[in-house]
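Letters A, B, ... are given to chains in the order of the sequence lines, protein chains preceding strands, and every chain is numbered from 1.
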Amino acid sequence: MRLDVILRVSAKLMIPFIMLFAIYVQFHGHYSPGGGFQAGVIAAAAVILYAIVFGMREAQRVVPPGVVEAMVPLGVVIYAGTGVLNMISGGHYLDYDFLLADPVQGQYWGVFVVEVGVLVTVAGAMVTIFYAFAMRGRS
Amino acid sequence: MDLLESYPLLQTIAERYNTWAVILLMVSGLYIVVAKSNMIKTLIGMALFQTSVYLLYLSPGKIIGATPPITDTAFAVYSNPLPHVLILTAIVVGVATLAMGLALIVRINEAYGSIEEDEVVDLVDRQDKAEE
Amino acid sequence: MDSTTLIWLTLAIPTLGAVGIWLADRFPNLREAVTLVTAVLLWGTVCHLLARVLRGERPGTEPIEIFGGIELALAIEPLGMLFATVASTLWIVNSIYSIGYMRGNNEPRQTPFYVCFAVALMSAMGVAFSENLFTLFLFYEILTLSTYPLVAHKGNEDARRNAGIYLVLLLVTSMGFLLPAIIWTAVASGTTSFADGGILASAGLSAGAATALMALYVFGIGKAAIMPVHFWLPAAMVAPTPVSALLHAVAVVKAGVFAVVKVVVYIFGLDYLQETGASQWAVYLAGFTVIAASLIALTHDNLKKRLAFSTVSQLSYVIMAAMVATPAAIIGATLHIAAHAVSKITLFFAAGSIYTAGHLTMISQLDGIGRRMPFTMGAFAIGALAMIGVPPTVTFLSKWFMLQGNVTADQWYALGVIALSTVLNTLYFLPIVYRAFWRAPPEPSAEHPAHGEGPLPSVIALSITGAGAIALFLYPDIVYRLAEAVAAAAGGTP
Amino acid sequence: MSTPADPQPALMLADQLPALLVVVPMLGAMVASLLRNGALGYLVSLIVSWVSPVIALAMLWQVEASGPISYAMGGWAPPLGIEYRVDEANAFLLVLISIMAALCITFAPRSIASEIPAQSRGWYYAMFLMCLCGLQGMAITGDAFNIFVFMEISSLAMYALIAMGTDRRALVAAYQYLVIGTIGATFYVLGAGLLFTITGTLNLVDMADRLQPLLGTRAALAGLAFISVGIGLKLALFPLHLWLPNAYAFAPSVATAFLASTATKVAVYILVRFVYSVYGVEVAEAHEIDTAIVLLLAVLAMVAPSIVAIFQANVKRMLAYSSVAQIGYIILGVFLLNEAGLTGGLSHLFNHAIIKGCLFLAVGCIVFSTGITKIDQMAGLGHTMPLTMGAFVLAGLGLIGVPGTAGFVSKWYLIQGATEAGLWWLVAAIVFASVLAVFYVGRVVEVAWFREPSPEAAAPRPVPVEMLAVTWILAALCIYFGFETDISAGVPAEAARILIGGGADG
């Protein structure tokens with residue numbers, strides 16, 4: 001056990017709130033500045049903080065590299081998939097009017113899903129970049 | 001303010017302070033790219049150069065006293081959102097480029113044992129010569 | 001069969017022949033049979049067309065548009081007919097000769113050799129029957145490319161270097177000068193088709209521009225070997241003798257002078273040339289080439305080199321006659337294309353036969369060889385007399401018309417050149433004949449053992465062409481009628 | 001922009017083609033990187049890269065039949081939203097890119113397997129598709145900023161592709177390309193930013209309209225200058241080409257073939273778009289000196305790299321220098337500012353893509369069979385690998401511009417353009433550069449066919465049938481487009497007529 005108790009305890013306190021803030025920024029992106037990109041970066045920051053404080057091995061046990069690497073393309077698939085769904089229902093690419101029967105609902109849910117895609121990709125990309133650099137030369 | 005009013009040229013210069021910031025950043029960034037041999041520093045210069053362009057886009061979009069462009073009866077003046085969206089994209093591109101560049105530098109360091117461009121290029125030339 | 005099909009056949013037969021030769025790679029006898037059959041079929045097709053052209057027809061194919069008004073089209077006019085007839089006839093003779101030569105010398109890579117030969121003949125046909133400048137250029141370049149491997153055939157350092165010179169010089173001149181000339185012509189006159197009386201008269205070029213254009217053509221058609229773009233021809237002599245014989249005495253070089261004459265007759269037209277005088281400088285340059293090449297020939301002891309420079313000189317006869325731009329001179333030029341082809345191929349056949357039989361390449365080694373190789377040297381003597389222009393050889397006729405053309409146009413310079421070069425020709429050919437027949441042969445040594453005649457196919461071939469050089473003097477009717485038709489198409493006043 | 005009040009008619013598949021052309025490769029890339037497996041990644045890219053040409057050809061057909069296609073991204077009508085706009089010029093380019101991608105991918109699997117370690121192959125295919133997505137996006141979009149985004153997507157993918165080369169010099173090449181490429185892209189976005197500031201729009205058609213009264217302003221001209229330099233870096237215009245030779249020389253064979261035949265071509269297209277559509281040809285005509293400088297650079301680009309190419313020991317680097325020279329031809333055609341010249345430039349863009357693609361793929365076959373990269377080692381290859389070298393020779397003839405090959409057609413137009421412009425020294429330069437090509441192509445041919453096989457070349461392992469087939473398809477196309485020029489010269493001629501005549505409405 002190393003002598004960084006303060007760091008560990010405060011990190012344990014902060015990380016849930018950072019995650020929560022990420023989710024807030026994500027969902028509130030409809031009404032105020034924010035959205036998937038910012039939320040993704042914040043969420044990634046939480047993981048990176050965890051890795052810095054508790055070590056790479058611990059962090060990779062919680063958030064395995066395979067998962068984050070898969071998140072990068074997965075988010076884009078969610079994003080682009082929504083666009084393709086619109087096209088299938090007869091709209092332009094990413095024209096959410098056609099996503100659901102009611103265009104207003106379509107816009108709402110369309111943007112929501114797309115932003116989730118952005119969150120997944122950005123968080124995944126940020127953590128992947130961190131892992132890639134931090135693990136270089138160790139394995 | 002009196003000083004500015006009595007010298008119109010000075011006023012013209014001062015009014016465009018954002019442009020001066022852009023120019024300063026741009027030129028220093030470009031200089032670093034050209035002059036520095038250390039690859040990390042080159043990338044920093046490159047990032048600086050890109051940042052100056054972000055400012056070039058963003059600063060004219062800000063209107064003092066305006067709000068985000070969300071329609072509401074209480075406000076009439078909105079900032080132009082387009083530059084923000086564009087530059088958000090550009091920042092992402094910049095991050096990706098930086099990550100790519102750094103990754104390459106790590107690999108170059110592993111392959112050549114140096115991140116000084118002069119030394120690396122020297123080794124490359126030597127390998128070229130050895131082949132001929 | 002209609003004429004269009006026949007014209008396409010002249011391209012298709014050698015192409016298919018090339019494929020057939022390639023497929024028969026493992027069976028030399030079959031391969032040679034394919035070569036001969038192809039040559040005979042081609043000759044037959046060309047003769048068919050010849051009969052029709054002599055009846056006054058001008059058959060052609062439908063043009064195929066390539067891009068922006070540029071068409072691939074074939075059409076037969078008398079000059080092309082003459083060239084095609086000469087090339088296809090001599091191909092048969094040359095194929096017989098090649099068999100003897102290639103087997104006699106155990107040459108490697110014989111299949112690619114025959115394949116390239118067939119492709120070269122195909123492109124010679126294409127050049128002959130081209131309806132416009134683009135088609136001419138297309139086949140002209142294929143001819144260059146297909147003969148490059150033939151020149152590099154031996155594969156040693158010397159052959160590679162000389163083949164490099166050959167390829168680069170011909171490609172450089174054609175791309176550097178001929179292509180811009182063609183595009184200039186197309187832009188100026190709106191067409192690239194050959195037409196009786198020329199197409200440039202109405203293009204509105206100034207006399208200076210016409211002169212420059214003529215210069216682009218004369219230097220661009222490097223195969224015509226006017227100085228200073230002649231040195232590919234001596235370089236090409238590293239090739240096996242059948243190549244030198246058919247290609248560098250007939251197909252390639254004649255494609256060059258043929259193209260020059262064709263440009264003079266069907267692009268510029270004699271009227272236009274007489275009016276602008278755009279070709280007068282070329283008369284001087286060609287005259288200089290005739291004399292200079294003859295003088296250089298005198299200094300060469302290597303038999304093939306001497307023949308090569310003699311070819312350079314004789315080609316410039318044709319160019320000079322064409323540039324004089326009178327109908328009689330055009331007849332002379334046209335006749336000389338055929339006359340020189342038959343005579344020079346005989347000389348090359350003889351040189352190759354000497355090489356196969358005794359491995360001799362130098363003139364100084366030929367003492368008394370006429371006694372060992374009477375047929376070969378007899379044919380050589382006929383060829384030599386033809387180079388000089390002594391009757392009863394066919395070149396007498398062509399020189400006659402050239403002289404006539406020069407006199408009517410008051411071209412005393414050209415007249416003088418022909419007279420002087422006749423003297424020079426005598427000086428560099430007759431000593432060989434004298435040496436061969438009247439000097440005593442050296443004692444056989446280990447280096448040069450006693451030998452007899454060359455291989456039978458070679459002797460047959462050179463006897464045929466030697467006889468041909470005399471026969472054409474006695475029966476020039478067909479060739480003359482074609483030449484007359486060319487002159488009629490050229491326009492111009494005597 | 002749509003509201004509930006104005007319901008739009010539902011779109012058919014045929015209307016969705018412009019979006020699909022970009023979305024399909026992008027999704028393909030994501031699927032490939034999710035799978036992370038060489039074989040599956042290959043399967044995905046094979047499907048995607050053969051769907052793209054179908055889409056592109058369908059669009060070319062639509063454009064020929066009924067004029068330009070406009071596609072509003074997200075239903076936001078131009079000029080507010082991002083518009084995908086397809087006309088003769090870029091439909092033609094899209095066909096080229098997608099076909100080259102399809103052929104390269106078909107060629108790829110065994111070449112990749114021999115050059116790239118197993119764990120990276122899935123990523124390789126993902127990057128390839130991302131690059132394809134970026135290039136097609138650049139070509140199809142009608143939005144100045146979107147061009148930048150796609151430019152960077154394709155460039156980032158390219159850096160990764162180049163860095164995957166087997167030699168460690170590939171890393172340095174990728175790094176140098178990254179720095180220069182980023183500077184280029186940033187210059188471009190700077191220029192676009194200036195235009196955006198003065199016109200208030202990013203839509204190219206709209207920008208062209210609004211720019212008309214502002215053409216004389218310094219900001220407009222500075223914008224053009226920044227864009228030209230930025231694109232000049234991307235397309236390796238002499239003397240901004242220094243990144244290119246090493247990048248092409250050390251990238252994996254298939255990547256080199258694909259990049260050489262498409263990447264610089266798209267950059268040329270962007271330049272043409274700005275010079276002819278956004279600014280209009282009059283601007284270039286008015287600034288004679290600047291145009292003359294570009295022409296001079298183009299001539300230097302044709303001549304100097306050709307001379308350098310003659311002395312290269314590495315065959316891939318030789319071809320890379322030749323690429324720089326051929327870009328000179330294209331730029332020359334573009335800046336002759338007449339129809340014949342522009343036709344020649346665009347047509348050479350197409351023909352050179354095919355020729356260089358064939359040459360690099362032939363080299364790919366040679367590397368696969370023998371590992372040879374140096375010209376000296378290629379001695380005797382003509383006899384031990386006759387089919388591969390045969391294709392190399394045919395494409396080499398096209399590079400020289402021998403009549404009956406694709407290269408001849410475009411050079412004819414270029415010379416015609418120079419003749420019509422009365423610039424005789426340009427005719428001489430074009431001809432001289434072609435002559436230089438004789439030397440560097442001839443050198444390989446001579447070594448390969450007329451020398452005794454070197455030890456490396458003596459016993460090559462057989463070339464897989466798909467590699468030979470693709471190489472020969474391209475070699476056959478080099479000849480085919482020398483005779484049948486409806487696509488390779490007809491469409492460019494039409495595009496040139498529109499670009500010169502009608503501004504952005506093309």
Side-chain angles (χ1 to χ4, degrees), chain A residues 35 37 64-118 120-122 124-125 127-129 131-132 135-136 139, chain D residues 1-37 41 44 48 69-78 81-84 119 122-123 125-127 129-130 133 137 140-141 146 153 156 160:
Chain A
F37 184 74
V67 171
V68 283
E69 273 175 32
M71 276 167 72
V72 181
L74 193 67
V76 181
V77 170
I78 295 173
Y79 189 119
T82 317
V84 173
L85 271 183
N86 293 321
M87 292 163 81
I88 291 170
S89 38
H92 283 101
Y93 182 69
L94 291 179
D95 184 351
Y96 314 115
D97 284 1
F98 290 81
L99 198 56
L100 298 173
D102 176 12
V104 177
Q105 286 292 309
Q107 285 281 350
Y108 183 88
W109 285 105
V111 173
F112 178 80
V113 175
V114 161
E115 287 292 332
V116 169
V118 175
V120 172
T121 293
V122 172
V127 177
T128 306
I129 292 172
Y131 278 176
M135 291 303 289
R136 192 75 197 170
S139 50
Chain D
M1 199 185 325
S2 59
T3 61
D6 59 319
Q8 302 159 328
L11 297 173
M12 298 291 110
L13 181 64
D15 304 316
Q16 302 280 19
L17 294 178
L20 282 177
L21 196 60
V22 176
V23 172
V24 168
M26 182 164 73
L27 276 175
M30 293 309 135
V31 172
S33 54
L34 273 176
L35 294 170
R36 268 189 274 168
N37 172 301
V44 170
V48 167
I69 306 169
S70 169
Y71 184 87
M73 265 290 145
W76 295 73
I82 292 172
E83 181 194 16
Y84 280 13
Q119 77 271 14
W123 294 116
Y125 289 112
M127 286 301 123
L129 289 179
M130 217 55 225
C133 163
I140 202 172
T141 187
N146 212 221
I153 289 178
L156 284 165

Please tabulate, for the side chains in residues 69-83 of chain A, all donor-acceptor contacts under 3.5 angstrom to protein atoms that are two or more places apart in sequence or on a different chain.
| residue | atom | partner | partner atom | Å |
| --- | --- | --- | --- | --- |
| Glu69(A) | OE1 | Arg36(D) | NH1 | 3.0 |
| Thr82(A) | OG1 | Ile78(A) | O | 2.6 |

Residue Met26(D) versus chain A: region with a heavy atom under 4.5 Å: side chain
Test item: Tyr93(A) side-chain N/O and Pro18(D) main-chain N/O as donor-acceptor pair under 3.5 Å: no
Donor-acceptor under 3.5 Å (Gln16(D) side chain, Gly90(A) main chain): no
Interface residue of largest heavy-atom contact number with chain A, from Ala32(D), Ala29(D), Ser33(D), Ala72(D), under 4.5 Å: Ala72(D)
